[in-house]
Amino acid sequence: MTQSPSTPDHANDPGRTDFVRDLVASDIATARFAGRVQTRFPPEPNGFLHIGHAKAIVLDFAIALENNGSCFLRFDDTNPATEDQAYADAICEDIEWLGFSPDGITHASDYFEQLYEWAELLVTKGLAYVDEQSADLIAEQRGGFGQPGVESPFRNRAPDDNLRLLRAMKEGELPEGSCVLRAKIDMQHENMQLRDPVMYRIRHMTHFRTGDTWKIYPTYDWAHGQGDAIEGVTHSLCSLEFSDNRSLYDWFLEQLPLSAPAPYQTEFARLNLTYTTTSKRQLREIVEQGFVEGWDDPRLPTLRALRRRGYPASSIRDFCSSIGVARTNSRHDIELLESFVRADLNRSCLRKMAVLRPLKLVITNWPTDAQNQPIVEYRSLPNNPENEADGQREIPFSGELWIDEEDFKLDPPPKYFRLTPGREVRLRGGYLVTCTDALCDESGRPTEIHCTYDPATAGGAAPDGRKVKATIQWVSAVHALEGSVALYDRLFTEQVPGERTGEPLDDINQNSLDLITGCKFEPSIANLQAGEVVQFERVGYFAADANRELHFHRTVGLRDEWARIQKQAEGS
RNA sequence: UCGGGGAUGGUGUAAUUGGCAACACAACUGGUUCUGAUCCAGUCAUUGGGGGUUCAAGUCCUCCUCCCCGAACCA
């Protein structure tokens with residue numbers, strides 16, 4: 001198994017351990033599996049991977065990696081009604097993007113034949129029987145919490161008769177729903193999972209891999225542990241809700257003639273994040289009801305959405321390994337994820353200047369050439385102050401510029417450092433300018449700002465050492481490229497969607513997308529690759545859309561001290 | 001109601017297995033800065049509650065409280 005070499009992940013936190021790693025270490029110490037470690041990531045190909053899956057993927061692969069073991073990707077394709085090759089392809093793609101290469105890609109359906117043989121074995125041993133009752137009846141007879149179940153009238157049918165019926169099920173001679181194969185365990189067991197669980201159901205459906213060869217399909221419980229055993233998995237990690245299934249996992253494996261020590265299951269808490277959801281069902285509703293534009297809409301926590309939004313795979317990996325593994329149900333602040341994204345992007349991103357909401361700034365004393373045209377100068381700015389090796393770029397500067405509306409106030413609030421009549425600020429990498437005048441429309445909204453510049457401050461430094469409180473970004477009006485930007489807000493308005501009313505969709509953020517057109521960009525923006533992420537200085541990180549020219553997705557904003565001050569002012 | 005699991009700051013995760021509650025995020029102070037970014041310094045919990053054992057308890061015992069999961073021919 002491999003992982004992109006660029007990211008050390010756990011390496012930055014060596015001594016780190018958790019209950020899963022403790023278990024693995026102890027199994028190695030006692031040679032339970034002869035020192036082997038093998039894990040697997042077992043998604044069902046009926047949906048797209050999301051950030052919650054990323055936690056599981058990182059854990060599964062990291063455990064293998066740290067112990068010289070291996071990790072397979074195994075599709076849990078036991079339900080032909082909901083699964084599809086397209087999902088399987090998407091899952092492979094997402095895992096690869098995340099930075100992991102499985103040691104093998106397998107399917108539960110690869111083992112249908114072996115599973116069936118073992119099912120006949122259980123029938124022969126009197127450990128499984130065909131039940132001809134309806135699903136409703138079986139459910140009813142299962143009993144409830146604290147109440148014992150009732151045994152099926154078919155429970156003690158002779159093995160030979162069961163075998164004949166099972167074969168008839170397999171041959172497609174019996175209609176869907178007419179009967180199921182059940183394990184014969186204990187209808188009184190306090191763990192409902194052991195009250196004669198269903199092993200096979202009849203489905204006359206086409207499976208995306210096995211086609212029409214099977215008329216019966218194994219349930220999750222009858223397929224999962226067996227798949228693990230066949231593949232040589234040692235540590236089968238899954239989420240907490242499968243805790244009660246563990247006894248069944250063990251029971252099935254105990255009945256089978258295995259040559260190696262049986263794998264065992266360990267459960268851990270799945271990932272929850274504030275202001276979003278990792279529920280497959282909820283995500284489906286959000287997409288299907290049109291709250292977002294598709295499974296890769298950057299507002300979603302799906303891996304393809306995060307990728308499109310510009311989240312580096314390494315930041316997701318780092319986040320997943322930093323949050324640890326426990327059995328406590330918890331919910332992480334989404335800010336933590338965002339802080340990993342910012343940390344990564346701050347190091348790696350080129351800086352660009354962009355003006356999202358343009359306001360014209362005219363330098364009234366800017367020189368003109370012989371044709372009476374404003375002269376154009378090229379100012380040199382670092383591509384990334386965090387990394388000198390990224391070099392410099394030349395940006396055209398002239399007498400008419402765009403600045404952001406937010407960087408000018410006719411009537412500045414307290415602690416506002418930016419441009420206002422009479423005040424001097426720095427145009428980043430350009431000159432110090434002083435506002436002399438502002439033209440406004442009828443409603444009093446500024447439409448054009450007039451400034452004078454100080455020719456002695458070329459590059460933005462004042463020879464006399466005078467300080468200005470603010471530096472703002474700008475784009476030369478005649479050279480500006482025009483495009484659009486999608487600003488994303490949280491998917492939900494509440495930290496815990498659904499906590500108020502019981503219905504998560506009640507808390508969906510109706511204003512999660514703010515599409516801004518008419519944005520102005522510095523000319524070098526034209527050289528960006530599809531999907532490349534840059535920092536628009538003083539604004540945030542933005543990913544170039546893969547298809548639309550000059551359209552950007554806001555990955556995450558910069559931390560914003562001014563916004564904080566304003567909020568405090570509102571509060572007091 | 002029965003079974004399984006869980007509870008450490010605003011959030012999450014640790015604590016050499018009985019020995020000074022640590023780290024990250026958030027928040028708040030302040031400093032640096034040609035990004036109100038980054039960076040740097042500082043502040044912010046005696047561990048769900050009661051009782052017990054012990055020189056010493058987040059850790060052991062005991063009683064209690066609260067939370068999550070489980071009664072698909074889903075996974």
Side-chain angles (χ1 to χ4, degrees), chain A residues 13 15-18 42-44 46 76 78-79 81-82 131 134-136 138-149 176-177 179-182 189-195 197-203 216-217 219-221 223-224 238-247 267 269 274 280 322-340 342-343 346-347 351 353 381-382 385-386 415-418 425-430 432 457 459-462 467-473 495 535-540 557-565 568:
Chain A
D13 203 356
R16 167 147 218 162
T17 188
D18 51 64
E44 186 185 13
N46 72 343
D76 211 338
T78 56
N79 186 355
T82 56
D131 195 335
S134 71
D136 286 348
I138 290 176
E140 201 183 308
Q141 290 174 352
R142 188 125 39 210
F145 304 139
Q147 287 131 257
E176 284 191 18
C179 53
V180 290
L181 183 72
R182 298 177 72 181
H189 203 104
E190 67 238 342
N191 180 349
M192 304 293 286
Q193 301 294 330
L194 297 184
R195 319 253 260 228
V198 172
M199 296 167 64
Y200 274 107
R201 66 289 213 195
I202 301 172
R203 283 292 121 86
I216 57 173
Y217 290 91
T219 54
Y220 164 85
D221 289 298
H224 204 91
C238 65
S239 45
L240 247 28
E241 64 265 34
F242 289 96
S243 299
D244 288 349
N245 297 56
R246 188 177 58 240
S247 323
E267 312 87 27
T274 55
K280 228 181 219 184
S322 83
I323 57 177
V325 196
R327 310 190 97 250
T328 318
N329 287 308
S330 61
R331 186 175 301 269
H332 283 79
D333 285 336
I334 199 164
E335 287 88 350
L336 181 61
L337 208 210
E338 290 173 343
S339 77
F340 275 93
R342 285 198 191 92
N346 178 50
R347 267 181 273 115
R351 310 293 137 122
M353 292 209 285
L381 275 89
E386 303 286 322
K415 294 184 187 162
Y416 184 83
F417 299 157
R418 285 108 99 149
V425 300
R426 172 165 34 242
L427 296 173
R428 180 139 168 96
L432 300 189
T457 59
K467 303 272 188 212
V468 291
K469 293 279 268 184
T471 298
I472 64 178
Q473 84 279 17
Q495 290 207 19
Q535 184 195 105
F536 288 157
E537 291 205 74
R538 304 209 310 129
V539 183
L558 258 25
R559 294 191 66 204
D560 189 348
E561 173 82 0
W562 173 234
R564 214 199 88 226
I565 292 169
Q568 277 181 348

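Quick note on labels: first sequence line is chain A, next is B, and so on, each numbered from 1. Every value quoted in this text rests on a predicted model; they were computed, and no experiment measured them.
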Q. What distance, rounded to whole Å, do you find between the two P atoms, one in B/rU17 and one in B/rU1?
A. 41 Å
Q | side chain to side chain donor-acceptor pair (under 3.5 Å) partners of A/Gln141, counting only residues at least two apart | A | A/Gln133
Q.
Please classify the nucleic acid contact of A/Arg327 as base, sugar-phosphate, or nothing, using heavy-atom distances under 4.0 Å.
A. sugar-phosphate
Q) If a stem is a run of at least 3 consecutive Watson-Crick or G-U pairs, both distances under 3.5 Å, which stems include RNA chain B? A) B:2-7 with B:65-70, B:10-13 with B:22-25, B:27-31 with B:39-43, B:48-52 with B:60-64
Q.
List the residues meeting side chain to side chain contact (heavy atoms under 4.5 Å, CB included) with A/Leu432, not counting sequence neighbours, and say none if there are none.
A. A/Glu424, A/Arg426, A/Thr457, A/Ala462, A/Arg466, A/Val468
Q: Using the closest heavy atom to pick a nucleotide of RNA chain B for each, name whichever of A/Glu537 or A/Asn346 lands nearer the 5' end.
A: A/Glu537
Q) If you take atom types as modelled and just measure distance, does the side chain of A/Arg342 reach the base of B/rU38 with a donor-acceptor pair under 3.5 Å? A) no
Q) Rounding to the closest angstrom, what is the interatomic distance between B/rA45 and B/rC2 at atom C1'? A) 37 Å
Q. What integer distance in Å separates A/His332:NE2 from B/rC23:C1'?
A. 13 Å
Q | Contact state string [nucleotides 68-75 of chain B, B base, S sugar-phosphate only, - no protein heavy atom under 4.0 Å] | A | SSBBSBSB
Just the table, please: protein N/O against nucleotides 29-32 of chain B N/O, every pair under 3.5 Å.
from: B/rU29; atom 1: OP2; to: A/Arg564; atom 2: NH2; distance (Å): 3.1

Q | B/rU38 versus B/rG4 - spacing of their P atoms, nearest Å | A | 49 Å
Q. Residues in side chain to side chain donor-acceptor pair (under 3.5 Å) with A/Arg201, at least two apart?
A. none
